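One structure is given below, encoded as structure tokens.
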2 protein chains.
Amino acid sequence: MQEQAIIKSSISKQIAEQLRNAIVSGRFKSGERLPTEDELATRYGVSRATVREALKRLAAQNLVRSRRGPAGGNFVNQPTHAELAESLSGAATLLVGLGALDIEEIVEARRTLQGGCLKLAVVNASQEQIQDVETALQLQKDPALSDEAFCDADVAFHRGLVDASNNGMVRFVMYSIIEALVPITNMVVSYVKDRREIIAFHEGLLLALQQRNEQGLESALDALLDYLMERFSVAQAQRKQHAS
Amino acid sequence: MQEQAIIKSSISKQIAEQLRNAIVSGRFKSGERLPTEDELATRYGVSRATVREALKRLAAQNLVRSRRGPAGGNFVNQPTHAELAESLSGAATLLVGLGALDIEEIVEARRTLQGGCLKLAVVNASQEQIQDVETALQLQKDPALSDEAFCDADVAFHRGLVDASNNGMVRFVMYSIIEALVPITNMVVSYVKDRREIIAFHEGLLLALQQRNEQGLESALDALLDYLMERFSVAQAQRKQHAS
DNA sequence: TTTATGCTATTTGTCTGACAAATAGAAGTC
DNA sequence: GACTTCTATTTGTCAGACAAATAGCATAAA
């Protein structure tokens, strides 16, 4: 005798999944308004609280956003690039934070995957995109930047580099690696000298991109990673000494 | 006069962020139990419903899991590889489903990034991992598989391939591309002939991996992608005809 | 002593009903 | 016509209740 495959997951989770499927499969179109929470509640035969828990699950994935008032409601959200980048960076920092990935792995991944990405970039980069990279670099040169701001500028520079690949999927993927590398940069940037070095590497990268010199790009990025790794292990050793 | 930067986001969202920070920064360790919902509610001075909405947001990101009963509660979740893959595949299918990425881009991304990944694989693959790939291929050969099961087996095969790189970050990243490619496979696998072709390509890939032949791996994967793209455009044209 | 059984306390899951806050649109006022 | 006020709608939050799961303890039976 075969029972109906008992359902272990909670109602709110199931509703979240149903709504998610409806959205991803296009039954609710992007930007469209879902039924009101009360309506969903009666439709699923549950309380509003349960529906809301389901909706919050979706909100956490940037799948819906909500507005109050008449004309308000829960809307299917077309995630912006910024939101996608955010959720990716969330996942990446989570992985690093929980120790599921170590620094060496991340650097190796960057080395491993950058080749193809740069190859695309030298072919596809538009003048405007090269300009964006240059702008990011200019911003990074400001000596008054706080450590945090310097890191942000660093991320912006590297994002610009992969943006130049003009491929949304590559960008999606490389963004997560860039984010995962932030902890390294963070440990290195506090010294003025290190900042200067990083900027010098970045100038080399920009130049190679402008000349659409793939070899140059790759060796420059490799050198930058070498430098970061070395400085990182130094900083780590110092920190360990401090701790003892 | 500068007010305290007005807070636009909802309380439950803020609480979710605070808890998230506490988890990522390690103030709650992996596997540890959070305070009970009642306790969190009183601690933050809000109702239990609000706390629950916050917790559900975190649950949606696989950051916490909950259990009922005494000894139950909300626990910090060390995301398993399966869960990570799931959330990634979620993001990827979302991107495809919402049309933020088109198929050509995804295939190009795969072509672009596979080189480095395969390079790692031929160097690092353990005997066991090669065995896993072989097992996945055997499973895929079963002619009784449903379309869906065939696709699952296909995903398992490709995952095995990138697992062989022995780099968690590369794996994380390539998984998302593999997932994003599922819709293509889905449109192609319904014909027996196409299945046979795919399996033939996979056999080529497996062989090249066993021989640690990087060139062979790359050309085989390129050929597979060529084949899929061609069959995909055919299927798409047919579907369009049907619709008219 | 060991095993089985049932009880109890604890914690999450869900429900109900209510009010607060935001806000679009209508109605009224100048 | 421009401005203000009112009203209805919808999400955000709250309070309290009960249901369901379950670990641990106590008790009973072998």
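Excluded from the calculations below are hydrogen atoms, water molecules and symmetry mates; all remaining heavy atoms, backbone and side chain alike, are included. All of these numbers come straight from a predicted model, not from anything done at the bench.
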Rounded to the nearest Å, what distance is computed from the [atom1] atom of residue [X] to the [atom2] atom of nucleotide [N]?
X: B:Gln14; N: D:dG12; atom1: CD; atom2: P; answer: 13 Å
X: A:Arg57; N: C:dT14; atom1: CZ; atom2: P; answer: 8 Å
X: B:Leu40; N: D:dT13; atom1: CG; atom2: C1'; answer: 17 Å
X: A:Arg52; N: C:dG13; atom1: CZ; atom2: P; answer: 17 Å
X: B:Glu53; N: D:dT11; atom1: CD; atom2: C1'; answer: 10 Å
X: B:Tyr44; N: D:dT13; atom1: OH; atom2: C1'; answer: 17 Å

If you check the [X] side chain, which of [options] turns out closest?
X: A:Ala71; options: D:dT13, D:dT11, C:dA24; result: C:dA24
X: A:Arg68; options: C:dT12, D:dT10, C:dT16; result: D:dT10
X: A:Thr36; options: D:dT13, C:dT12, D:dT10; result: D:dT10
X: A:Val46; options: D:dC14, C:dT14, C:dC15; result: C:dC15
X: A:Pro70; options: C:dA22, C:dT14, D:dT22; result: C:dA22
X: A:Asp38; options: D:dT11, C:dG13, C:dT16; result: D:dT11
X: A:Ser66; options: D:dA19, D:dG12, C:dT14; result: D:dG12
X: B:Ile11; options: D:dT13, C:dT16, C:dG13; result: D:dT13
X: A:Ala49; options: D:dT13, D:dG12, C:dC15; result: C:dC15

- Under 4.0 angstrom, heavy atoms only, what part of the nucleic acid is B:Arg33 near: base, sugar-phosphate, or nothing? sugar-phosphate

- Task: Write out all pairs satisfying ring pair (Phe, Tyr, Trp, His ring centres under 6.0 Å) with one or both partners inside residues 138-157 of chain B, taking only residues at least two apart or from two chains.
- Result: B:Phe157-B:His202

- Message: Nearest heavy atom decides the nucleotide; on that basis, is B:Asn74 or A:Gly72 closer to the 5' end of DNA chain C?
- Response: B:Asn74

Under 4.0 Å from OP1 or OP2 of [N]: is there any side-chain N or O of [X] that close?
X: A:Ser10; N: C:dT12; result: no
X: A:Lys13; N: C:dG13; result: no
X: B:Ser12; N: D:dT13; result: yes

- Does any N or O in the side chain of A:Thr135 come within less than 3.5 Å of the main-chain N or O of A:Gln131, such that one atom is a donor and the other an acceptor? yes

- Task: For A:Asn124 and A:Ser165, indicate whether the former's side chain and the latter's backbone hold a donor-acceptor pair under 3.5 Å.
- Result: yes

- salt bridge (charged side-chain N to carboxylate O under 4.0 Å, His left out) between B:Arg48 and B:Glu37, intermediate numbers included: CA-CA 6 Å; B:Arg48 217 188 118 207; B:Glu37 296 177 352; 2.9 Å; yes

- Message: Do the side chains of B:Asp147 and B:Arg195 get close enough for a salt bridge, i.e. N-O under 4.0 angstrom?
- Response: yes

- Do the side chain of A:Arg48 and the base of D:dG12 come within less than 3.5 angstrom through a donor-acceptor pair of N or O atoms? yes

- Item | From A:Leu40 atom CG to A:Arg52 atom CZ, the distance as rounded to the nearest 0.5 Å | 12.0 Å

